[in-house]
Each structure stands twice: as C-alpha cells, then as structure tokens.
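Step one of this worksheet: look at the structure below.
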Amino acid sequence: MDFKFDVMIMSGVEDGSVLKYNSGSGDGQTSAHKWTLTIGRRDDNDVCLRNDTYISRQHAKLHYENAVWQLEDCNSTNGTFIENPANSFEDTRVNGTIPLQIGQLFRVGRTWLRIQISE
Amino acid sequence: MSTIPLRDILISARQEAYRMRHFYLGVEHLFIALLEIKGGLASSIMEGHGLATEYVIDAIRRKVGKGSRHRLWAGIPNTPRTEVVLAIANELAVETSRKEISEQDLLIAILEENENIPVRVLRILNQDIAELTKEARTKVNTNNAQQAFVKIDYGPHFNRNEALSEQHLLVLRRMFYGYDEIRVERRLTGGYTKALVLVVTPINSDQREDAAVVVKIDQADIILDEAQRYDTNVKASLPPFSARLVDRPTAPEKSDFAGIKYTFVGNDTASSKDMRFVAAALGAPKLADWLKNGLFPLFGKTWWQQRRPYRFQAWREYDGILPPILTLELVDEKEVPANAHLLKMPIKRSRLKQLEYGDIVLIENFTVSKVYRDRKAIQLAAAQGSDAATAYKIEMRGIDLDKDAYYRGEVVERIAGKVWKTRHEHLITAARTLEPDFDINAEFIPSGLDSPARLQNPLNFYDTLLETSVNGSLSKIHGDLHLGNLLLGPGDNPSLIDFAQTRDGHTVFDWITLEISLLSDLIMPAVGSEWQDARKLLKYLQALNKREALPPGDSKLAELFSVIQAVRDIAQECLTDAEDWSEYFVGMTLCGLRALTWDTMSIGTRRLMFMLAALSLAYSQPSQKAAAPSPDATEIGDNTAGQG
C-alpha cells in the first residue's frame, strides 16, 4: 500500500508551504511496514529546510508504522521540540523518539511543522 | 473606518521584520503592524479583551524568536501564508467594491486564515478567534468613541493628599465601565512596588452599592503576566473563601497601565481589610494568633508545606532581589576591544568585583527579563526558565527600541556595554544615605549588643554569602508576603492578594519577607528612627535568634515582638532541619540588604535593615550540632566571640 501524507511549514520564510510525500513515488524509505521521512538542512533529506540555520544537516526523522506517527530527534544541535501545555513559551525538547499526532505542531530548529492528511 | 492605506501597513510590517531579523514578510509582521496603528481596529479589539497591545506584540515575538544575523536570500519575500491572507483580504475588498484592502479586511483575513502564528498566540492568551472575527466584522470606528464617564468619589479613609494620577483614573474609569459611580475607599499599600492597590466600591445608577473589590493598577505587562500566572499557578491552590481574581484585566490602549480586580468569593469584600491598615488596631496577640492559626494552616497545605528538598547556592534564589549586578550603557559591538570583560554563565563573582566605571563588558547568552520602553533600557538576566527567580540582573541603557526589537524571554547571543554603575556602588550609595555613625567600608561595624560588640559588615560579605550552599526546600510561595498583601476577610478569614511574584521558590522566603514587613510597619515606628533605636531592636532580635528571654523593661515592645515570634514559629515548621536556622538567616541577610535600596521605606527602618542584615549574617552558617557553639560565635572572627 502506498502512503500519502503532507507536511505543512507553520513558521518562517516558508510559512504556509505544503510539501507532499508519497511512498509510491519513492519518497522516504519504506521497510516492511515502516515508512521513514528525514528532515534536515542538507539537500538529500525528504523534508529539506535550507532557510533555517538552526536546523542541523540531518536533524530529525518521521516514522509511520501501524497508522501511528513517531518523531525522532537525530541528536540535532539546536533540538527538536513539541508544544508545552504548561508554558506555551517554553517548548518541550524531544529526546529520542516520541509519538506524534496528525496536526500536532513540532519544531525543528526555529521552524514549526505539522503532518496533515494529504488533500 | 480607518483610512490607513495598505502601503503604510506593509511598510510598518517590513520594519517589524527587520527589527526581528526575519527578512521575510510573515502574517505575524502584518498583525503587529495592525496592532501598532494608534487607535486602530486591532488594538481596540485587543483592549476590549483585556490585552494591552504591547503585551500581544511581546507574546508574538517570544513565540517566533529572533532570526539569525545571516541573510540567506535577497529582499523581503512574502511567505506563502501571507499570500493566502492577502488574497482573502483582497476578496473582502472586492466584495464591498473597494479598490484597496483596508485595515479591517486585513484583520478579518488574518483571523479567518486561522492557522497563522498571531492566531496561535491569541489562542494561547485564551482568546476565542470566532468571537474576535465577529467583532472585527461588526466593530465600527472606535477612534473617537466617547469616554464612558464614571464618577469617582473618595471615602473617608482615603488620604486625599495622595491624589491619583490621570493614568490611574483612566484605568479605573475603564475598569468600572457600566457603573455610574465608584467610591475609592482607601489605598491598600504604601507599596515597595509601583503598584497602586485600592479598595473600591462600585455604585449602580439606582445608587445600589455592589460588593467592594480590591483593585491593583500597575505597568500593563506586569498586570497581564499576573493574570496569566494566576490562571496557571495560583487559582487551583487557593482555599475556598479567599480573594480571587475577577473579570479580565483592563488594559486601555492609550495607557501604559492596566488594572485587575480581586474579590472575595460569595462574601462581602466591604468588610475585608488589609493588615497594614488594621494590624495596630488588632493588637499584637490577636495578629500573632491570626498568622499562626489562621493564615498558615489555611494556605499551608497547598503552599508552604509542600517542602520538596532543595539544596541550592544562595544566588539562585536571592541574587535577583538585590540591585542589578551592573548598569551598562550600550556600546556598538564594533567598538568592543579584544580584552573586554566577558560575562557568561557560569559567572565568576571574583571577576565581577573587579569591574569599574567605564570598563567595557561583553555579555553572552543572557535572557531579556524586562523591556523598559519609557527609559530606552532592557534588563537582562541569567537564563533559568521563566518560572524561576531571576539572577544576575543587568540593566542595559541606551537601547533604540525602534531599531532593535527586544522581547521578554529572548536569549541575546552577544551585547556589549560600558559600566555605569556596579551593584556595590548601588548598595554603598544606599547605605550612605542612612548617615551611618560608623565607617561603612570597615570590616566590622558596632553592634550595640552586649556581645558581640562588633558584627561583620554585610556590605563586604554578601558576595561570599551568595555562593553559600543552602540546605532548604522548595514550595509554592507568594513571593511578596508583606502586610499590605494580607487581607483580613469577613469573619476574620485570612486571604492573600497580589500574585505577581508567586512561584516555586525557597519556602521560608515568604516568612522572611513578612518578618521584615512587621519590623518595618509595626515595630520600628513604635520605637524611633535613629541608629540607637535600630540597635535597641537588634537586642530583641538577637534574643529571638538565641531563643532566650527578651530584654526586660519594655512590655509594650515585648508584646509587639510576640508577632515576630509567631512568624519564627511558622518559619520553624518550614525549615528543612528545625534546629538549623541558617537557611532563614542567609535569606534574611540578603533581604535586609535589598531593603536598603527601598526609598519607600522610612530611614529608621532602613537603618534597622542594615543592622538586621549584619546580625543575620552572623547566624547564616549551618549550626554544627556536635561542637554546638552559639551561632553568633562561629563566624564573627572577633575577640569577644567564643562564649556560648
């Protein structure tokens, strides 16, 4: 089965851009039942964000397995974050891999992103 | 409707983008440009919801963060989302056959797009976006809206010599919009802060009086923070029948000030009185009982009795209460010599002490803790997270806020300044105004006690003390527990107001603050204002410290000290080790020094504070149970020490 999902950029110079991914057209890496998209500043990332100098060359990964998304920080210099309900101005840093909801905001470097169902 | 052309809004938005080093035009810049229009639609809607324009701008800047110094592209491109918003705004203009997008079109478009950063921040600030959109669609020109006239009268207890300022009256009228008249009963605090706290009775058009409320008016960002803090931190921890925050804060757009109201739940606030006002009339024994058996048990469970173990270096909790470590004048980074002093965490206090007037200091990775728009200055502090006490405050003057945006919580990578004043100069200057009858630079000062006759001069030792490890505990604390913030409610119910400083902090801090307030408001005025009067009280304090009988001969004073004894009894329950008072006296030394700089305190009290700091310093070492010398003999280094 092919997986189709969008990533929307939620801040910065590309705020509002929608990046479309389809495992059927060779986006990301598929192994068994797992689909992985990489995020980083380098060109060979699936989600390539050149305009944020706070993003590492290889910054984070998105994993999709059994209809569940997970977010993994790849030891990035400036961190991967999710929103902190207790204090909206101090985001929570992601250590390792955490589950991620569709539509939930997360931040790599200074750039906020979210996964959404492909339109 | 406003006739500000779109072109001007876009120019203003681009300036914001430059100030934040973003180099793109995002929806956040458009929204800030709309907020910056004086008397504009966006700011008047925000005001209607109790949000000061500057506060919203600050929140957006905090959420977005400043961009990097490196430009990665040319020009200032619109973000894709900005294009979407402009397209929506354009449709709105076309619908109403206007040639150009108006301020209102743009505001509605931003709110309808619904996913942009300003909308996300407004949700964080508990705003209903659908409601705001409706208002933006229907609100007519409010530029010249008639000022609602609320008549202001004064009760018999209001001191008319302390007239309220125009700014204060403006906020008051706005807060009680809808009433015919209000009666200002009295001021609650003489106040160590600039806040104005009043008891106000609102009066309806049929002359019916509603329950009185406590009104606090202060700088808008302080008030709005207090309201946020109350919601997240305080509300759930209050006992029933306590003072509560009512309504939204009121922040008139034309004013730098804002106001909030506190009231009692289901009770009549008219009969509640602040302790500063009634303490003397109540009498010391009753006050002591009220503190120990009323206030402490009622709030204790959710506040001071949390007592999570907390071992910390004193500076973490107490550096921030002292004057700024440095006051600097901004210097362009290009003018910074290679050998400039570098200041970054961890701070080396010994290096700090060497700094002198005119030295150039380069500061790295400090956090903006305050923005003083009126003084063109910012306050920086060592970053510790927003809920922690601030440490290592630095005031930087000469900042052009039109050119560079600064927002609270921003981490400033590098900024340089020339030393204008050090903390030590601040404290020495404050001590000189007390006209000491001794040398304030000397190592020892005369104590007036039988023994020891001399005490270490706290002005020479606070630095060392800040490095001391304190074996304490962490609880929810009020943060400014002076008599004016204690209310005697209906049925003598105890209550607290003013939660601007409420945080998780050193448990005994509140009781140190209250002891100082009692000494200042209740005891020192009964004795006098000379150095000899301060030294007389020091004998009483020493007796309390040593848990000995009070000096004989003055039964009135002894009765007043029963209130201090009550505070000490409460404090003892808050100590980590009930036999080790060092954590209390470390805090007391530093709080006493802080009070030196409070010019709202009488000169007599400040003299007492200096002596109190010196005495407390002598008790600030952990007691050594095995050796068990009397605490005042341990660190005096004086010939007279040693008996115990």
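Neither the backbone nor the side chain of B/Ala17 comes within contact range of chain A; no heavy atom of the residue lies under 4.5 Å from a heavy atom of that chain. For B/Glu83, no part lies near chain A; criterion is any non-hydrogen pair under 4.5 Å.
In this structure, the side chains of A/Glu90 and B/Arg62 stay at 4.5 Å or more apart for every pair of heavy atoms. Between B/Ile124 and A/Phe89, the closest side-chain pair of non-hydrogen atoms falls below 4.5 Å. Here the side chains of A/Ser11 and B/Val64 are not in contact, with every heavy-atom distance at 4.5 Å or above.
Considering every non-hydrogen atom in both A/Ser17 and B/Pro80, the closest pair reads OG-CG, 3.3 Å. Residues A/Gly12 and B/Thr79 come closest through the heavy atom pair O-CG2, 3.3 Å. Scanning all heavy atoms of the two residues, the minimum distance from A/Tyr54 to B/Lys66 falls at OH-O, 4.5 Å.
No side-chain donor-acceptor contact under 3.5 Å links B/Arg81 to the backbone of A/Glu14.
B/Arg120 CZ to A/Met10 CE: the interatomic distance, rounded to the nearest 0.5 Å, is 4.5 Å.
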- Run the side chain to side chain contact (heavy atoms under 4.5 Å, CB included) check on B/Glu115 and A/Asp15 step by step: do they pass? CA-CA 10 Å; B/Glu115 295 194 317; A/Asp15 183 17; over 6 Å; no

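Using a 4.5 Å cut-off between non-hydrogen atoms, the part of residues 76-84 of chain A that approaches chain B consists of A/Glu83. Interface with chain B: from residues 105-112 of chain A, residues A/Leu105, A/Arg110, A/Trp112 qualify, criterion being any non-hydrogen pair under 4.5 Å.
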